[in-house]
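Reckoned from all heavy atoms, side chains included, excluding hydrogens, waters and symmetry mates. Predicted model, so just to flag it, every value in this text is computed and none were measured.
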Amino acid sequence: MSLNKSGIVDKVSAKTGKTKRDVALILQCVIEEMAAGLINGDCIRIADLGSFNVRVRKSRKGINPHTGEAVVIPERRVVAFKSAKCLSDALQK
């Protein structure tokens with residue numbers, strides 16, 4: 001099963017009694033602030049969930065699967081997630 005943004009809004013709205021519109025606005029603000037923090041290179045830690053940070057993948061050599069030609073894959077920044085211990089433990093139960 002997959003949970004998307006509207007599913008989260010529905011569940012939070014049901015739990016809190018807040019309108020879906022208010023919950024959607026708050027969730028959108030949280031997402032925008034997290035994205036802005038990651039773009040600025042900040043590490044985002046959320047208790048009981050985990051931490052998001054930006055890592056740099058080094059440049060490396062690859063092969064074009066269509067031509068077999070060697071290509072250079074450039075360095076890039078990617079988002080990494082590390083789950084909190086309590087979440088990791090809960091997943092194992």
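With contacts defined as side-chain heavy-atom distances shorter than 4.5 Å, the pair Ser59/Val72 qualifies. Considering only heavy atoms from C-beta on, Leu3 comes within 4.5 Å of Ile8 through its side chain.
No donor-acceptor contact under 3.5 angstrom links the side chains of Asp10 and Ser13, judged on distance only.
Residues Asn4 and Gly7 come closest through the heavy atom pair OD1-N, 2.9 Å. Here the closest heavy-atom approach between residue Ile44 and residue Leu38 is recorded as CD1-CG, 3.8 Å.
Within the model, atoms CZ of Arg77 and CD1 of Ile39 stand 8.0 Å from one another, a figure rounded to the nearest 0.5 Å. We find the CD1-CZ distance between Ile46 and Phe81 to be 8.0 Å, quoted to the nearest 0.5 Å. In this structure, the separation between OG1 on Thr16 and CG on Asp22 is 9.0 Å, given to the nearest 0.5 Å. Note that NZ of Lys5 is 4.5 Å distant from CD1 of Ile31, once rounded to the nearest 0.5 Å. Within the model, atoms CZ of Arg60 and CZ of Arg76 stand 9.0 Å from one another, a figure rounded to the nearest 0.5 Å. Considering CD of Glu33 and CG of Asp42, their distance stands at 10.5 Å, rounded to 0.5 Å.
Cluster annotation: Ile26 and Val12 are assigned to distinct hydrophobic clusters (Ile/Leu/Val/Met/Phe/Trp/Tyr, side-chain heavy-atom contacts under 4.5 Å, transitive). Residues Leu49 and Leu27 do not share a hydrophobic cluster, defined by chaining ILVMFWY side chains whose heavy atoms lie under 4.5 Å apart. Linking Ile, Leu, Val, Met, Phe, Trp and Tyr residues whenever their side-chain heavy atoms come within less than 4.5 Å leaves Val30 and Val9 in two separate clusters.
No more than 12 heavy-atom neighbours from other residues, nucleotides or ligands sit within 6.0 angstrom of CD on Glu69. Heavy atoms of other residues, nucleotides or ligands lying less than 6.0 angstrom from CG of Asn40 number more than 12.
Contact check on Lys93 versus Asp89 returns no salt bridge, with no Lys/Arg side-chain nitrogen under 4.0 Å from an Asp/Glu carboxylate oxygen.
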